[in-house]
Each structure stands twice: as C-alpha cells, then as structure tokens.
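Side chains included, hydrogens not; waters and symmetry mates left out as well; all remaining heavy atoms used.
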Amino acid sequence: MTINEISANRCFGGVQGVYSHESRATGTQMTFAVFAPEQTMDGPVPVLWYLSGLTCTHENAMVKAGAQGLAAKHGIMLVFPDTSPRGEGVPDDPDGAYDFGLGAGFYVNATQQPWAKHYRMYDYIVSELPDILAEYFAADMDRQAITGHSMGGHGALTIALKTPGQFKSVSAFSPIVSPMNCPWGHKALGGYLGEDRNAWAEHDACALVGQAAERLPLLVDQGDADGFLAEQLKPELLQQACERAGHPLILRMQEGYDHSYFFISTFICDHMDWHAKALKQ
C-alpha cells in the first residue's frame, strides 16, 4: 500500500499533513489527516484518534478543534479520518439527506445492499488505517487513545468498548450514546445493518457497557443548550447504563453550550489532558 501527500503545513513546530490512499476496506480512495508533533523527530509518539460527526470530512476538526497546539505540548500525534467512503459509484442517501450515506458512515460495517460494498468504516478505523500509521508515520501503536464528536463520539465510545486493549483512554463530545433509541440511529443502523436489533446492539454504547471486557473510564462532555440533546443524544441513557454495569463514567453537562465546534474548542484542553495522562502511564 502507498499513500499520497496532498498537503503538508508547518504547525506548532510539527507538520499538519493530509494524505490519500486506495482503501482495501472501502474499495475507494480515502483521505485522512495527521498532525505529527516535532517529537516524532526523536522517535514514535502516542496517537489520539479524532472521529468526526455527520456531514464532516477529515478537515472539520483539523481546522476548528484547536487541538494541534495541545498535541504539540504533550507530544501526541493526532489522526483525523474521513467519516465515510466517497467517490464515483459510492451510493448516497436517495433523498440527499445529511444523516445517511456520504458523510454519515456511522463507523459500522454495512451488511445491507447497496451499502455493504463500500461502507466498511469500522474495519477502516480499527484495522486498515492503524496499519498505515504504523508503516508510514512515527506512531507508537501500543499507546493509542480515541475521541470524537456526535456521530464520531458514538464511534469513539463503541470502538473503544468493542476492542479491549487497543486504547489507553476514550472520551467524547456530544456523543450519540444509544443509536438504538434515536432517529439518527434508527435510520443509520436500519439502513446499514438491516432490521436485526441484535446487530444494532453491537454498535450501541449503552448496550456495550454492560458486556465490556475492559472498564476503560469514559469522559463525556455535553452542552445543555444542544439542539439535538433530547431527541438524538440522550446522555442520561449512558449514565443509567454505566450505573447498572458499574462502568466508570464522567459525564459533564456544560451550561449554555451547543453542538458546535465553539463547544469542542472550549473543552478540548480537558480532553487532551485526559488522554495525555493515560498515554504517558
């Protein structure tokens, strides 16, 4: 496998790069971004994944989250994947809706047609892109952490819960904590996985905490002025699930904050400190 450099910019002493490659998981060309801090000049550094939400690409968090300066301080590599396969022949929502299809891969491996051929974002994040990081970047793959926003928060929580031992820490901003119990989740999981709710439960953080093989503490920030809070996000369901399972959770309701990157950039420092502490142990 080879990767192509699209851009590389000096940033906080390191390099913010954007790259593309032909993906075996999705059967398409995929684009991702990596911030490599200057500490990579001395050897491999720990890795923090940032999974983005609906409608996003690799670019949103790369530009808006304000994480690079903090990552440079801690000597952490940042990885910003795309949120879905793209390109000619990749199906999209037939009505052009934002919450399914392009930009809305939900970090699952689709089993239903016509989505199953390309929409394999779980394999892409868990297996393929880590192999690329290990081969082409000074990434210490024994020290990984993961975070994300909204759909990406769902991805971060579920992937961490499903892959014990792969991550040292996990956090999320405004995550979709239970896609089995919200309209976004019903549409995405029903479309990609079919009507078998047992298959849905494999990608629902509230269902997964009860059977988690590893009690990795969860840090979740949620704005109480988020317009999606009551219908789509429902953080109280995660709190209840964690209490039942005895799973460690820090859920912080942030007064007056919404679903935007203004919210994320306000609290990204806390999340970077959370992950840095775990990655340096």
ILVMFWY cluster, Leu70 and Tyr50 together (side-chain gap under 4.5 Å):
yes
Only counting residues at least two apart or in another chain, list the ones meeting salt bridge (charged side-chain N to carboxylate O under 4.0 Å, His left out) with Asp270.
Arg252
Residue pair Glu236, Leu251: steps toward the side-chain contact (heavy atoms from CB on, under 4.5 Å) verdict
CA-CA 9 Å; Glu236 69 278 3; Leu251 173 60; over 6 Å; no
Interatomic spacing from CG in Asp226 to OG in Ser260 - rounded to 0.5 Å
9.0 Å
Separation between CD (Gln239) and CD (Glu243), nearest 0.5 Å, reads 5.0 Å
For the backbone of Thr163 and the side chain of Gln166, can you confirm whether one donor and one acceptor N or O come within less than 3.5 Å of each other?
no
Listed partners of Glu214 passing salt bridge (charged side-chain N to carboxylate O under 4.0 Å, His left out), at least two apart:
none
Parallel, tilted or perpendicular: which describes the rings of Phe263 and Tyr257, with under 30° parallel and over 60° perpendicular?
tilted
Please give me the minimum heavy-atom distance between Arg120 and Ala110, naming the atom from each residue.
NH1-O, 3.8 Å
With clusters defined by side-chain heavy atoms of hydrophobic residues (ILVMFWY) lying less than 4.5 Å apart, directly or transitively, does Leu161 cluster with Val108?
yes
To check you understand the geometry: which heavy-atom pair defines the closest contact between Pro235 and Gln222, and what is its length?
CG-CG, 4.0 Å
Please confirm whether the backbone N or O of Ala25 pairs with a side-chain atom of Ser23, one donor and one acceptor, at under 3.5 Å?
yes
Please confirm whether Phe32 and His58 have ring centers closer than 6.0 angstrom.
no
Going by heavy atoms in the side chains, are Leu129 and Trp49 under 4.5 Å from each other?
yes
Are Val209 and Ile146 connected in a single hydrophobic cluster, I mean Ile/Leu/Val/Met/Phe/Trp/Tyr linked by side-chain heavy atoms less than 4.5 Å apart?
yes
Starting at OG1 of Thr147, measure out to CD1 of Ile264 and round the result to the nearest 0.5 Å.
8.5 Å
Shortest non-hydrogen contact from Ala104 toward Leu54:
CB-CD2, 3.5 Å
Heavy-atom check, side chain of Phe35 versus side chain of Cys11, under 4.5 Å
yes
With rounding to the nearest 0.5 Å, note down the distance linking CD1 in Ile3 to CD1 in Ile132.
7.0 Å
Please check if the side chain of His247 supplies one atom and the backbone of Leu216 the other of a donor-acceptor pair under 3.5 Å.
yes
Are there over 12 heavy-atom neighbours, none belonging to Glu255, within less than 6.0 Å of that residue's CD?
no
Side-chain heavy atoms under 4.5 angstrom apart, residues restricted to Ile, Leu, Val, Met, Phe, Trp, Tyr: same cluster for Trp184 and Phe173?
no
Students often mix this up, so state it plainly: with edges at 30° and 60°, are the rings of His275 and His271 parallel, tilted or perpendicular?
tilted
Can you see which heavy atom on Ile176 is nearest to which on His154, and at what distance?
O-CB, 3.3 Å
Does any pair with a residue in residues 98-115 pass salt bridge (Lys or Arg N to Asp or Glu O under 4.0 Å), and if so which ones, sequence neighbours excluded?
Asp99-Lys187
Side chains of Ser169 and Trp274: closer than 4.5 Å at any heavy-atom pair?
yes
Would you check if the side chain of Trp200 reaches a backbone N or O of Gly194 as a donor-acceptor pair within less than 3.5 Å?
yes
Main chain of Asp204, side chain of Thr158: is a donor-acceptor contact present, judged purely on distance under 3.5 Å?
no
Test of ring centre spacing under 6.0 Å for Phe80 and His149
no
Taking Arg24 first and then Asp131, would you say they form a salt bridge - that is, a charged N and a carboxylate O separated by under 4.0 Å?
yes
Counting only heavy atoms not in Lys162 (residues, nucleotides, ligands), do more than 12 fall under 6.0 Å from its NZ?
yes
Should Ser150 and His259 be marked as a side-chain hydrogen bond (donor to acceptor under 3.5 Å, both in side chains) after you check the CA-CA gap, both sets of side-chain angles, and the distance that decides it?
CA-CA 8 Å; Ser150 195; His259 201 71; 2.9 Å; yes
Heavy atoms, side chains only, cut-off 4.5 Å: are Pro46 and Met77 in contact?
no
Side chains of Gln232 and Pro183 in contact at under 4.5 Å (non-hydrogen atoms)
yes
Let's go through Ser52 and Thr57 carefully: what are the C-alpha distance in whole Å and the side-chain angles of both, what is the deciding distance for side-chain contact (heavy atoms from CB on, under 4.5 Å) to 0.1 Å, and is it a yes or a no?
CA-CA 7 Å; Ser52 288; Thr57 69; over 6 Å; no
Under a 3.5 Å distance rule, please check whether Arg143 uses its side chain to pair with a backbone N or O of Val47 as donor and acceptor.
no
Could you grab the distance from atom CG of Leu157 to atom CG of Leu51, nearest 0.5 Å is fine?
10.0 Å
side-chain contact (heavy atoms from CB on, under 4.5 Å) between Val79 and Phe137: does it pass, once the steps are laid out?
CA-CA 11 Å; Val79 181; Phe137 298 89; over 6 Å; no
For the pair Tyr122 and His203, name the ring-plane relationship: parallel under 30°, tilted 30 to 60°, perpendicular over 60°.
perpendicular
Keeping Asp93 on the side-chain end and Asp95 on the backbone end, is there a donor-acceptor pair under 3.5 Å?
yes
Do Ser127 side-chain atoms and Tyr124 backbone N/O form a donor-acceptor pair below 3.5 Å?
no
Mind checking whether Ile76 and Val45 have side chains closer than 4.5 Å, heavy atoms only?
no
Identify the residue among Glu22, Arg86, Glu88 that makes a side chain to side chain donor-acceptor pair (under 3.5 Å) with Gln29.
Glu22
For the atom pair SG (Cys182) and CG (Leu237), what is the distance rounded to the nearest 0.5 Å?
9.5 Å
Donor-acceptor contact below 3.5 Å, side chain His186 vs main chain Met180:
yes
Do Phe106 and Tyr98 sit in one hydrophobic cluster, given that two such residues count as connected whenever their side-chain heavy atoms are within less than 4.5 Å of each other, even indirectly?
yes
One thing to verify: whether Lys277 and Asp273 come together as a salt bridge, which I'm taking to mean a side-chain N less than 4.0 angstrom from a carboxylate O.
no
side-chain hydrogen bond (donor to acceptor under 3.5 Å, both in side chains), that's the test. Do Asp221 and Gln254 meet it? Break it down for me.
CA-CA 7 Å; Asp221 270 313; Gln254 304 292 359; 2.8 Å; yes
Taking Tyr192 for the side chain and Gly101 for the main chain, is one N or O donor matched with an acceptor at less than 3.5 Å?
yes
Locate the shortest heavy-atom distance separating Gly105 from Met121; write the atom from each residue and the value.
CA-CG, 4.3 Å
Does the side chain of Tyr261 reach to within under 4.5 Å of the side chain of Ile268, using non-hydrogen atoms?
no
Tell me whether Gln112 at atom CD has more than 12 heavy atoms from other residues, nucleotides or ligands lying less than 6.0 Å away.
yes
Do Ser174 and Val220 come close enough that some side-chain heavy atom pair is under 4.5 Å?
no
Stepwise, does the side-chain contact (heavy atoms from CB on, under 4.5 Å) test hold for Leu229 with Met253?
CA-CA 11 Å; Leu229 179 60; Met253 298 300 297; 4.3 Å; yes
Tell me, yes or no, whether the heavy-atom count around Lys168 atom NZ, taken from other residues, nucleotides or ligands under 6.0 Å, exceeds 12.
no
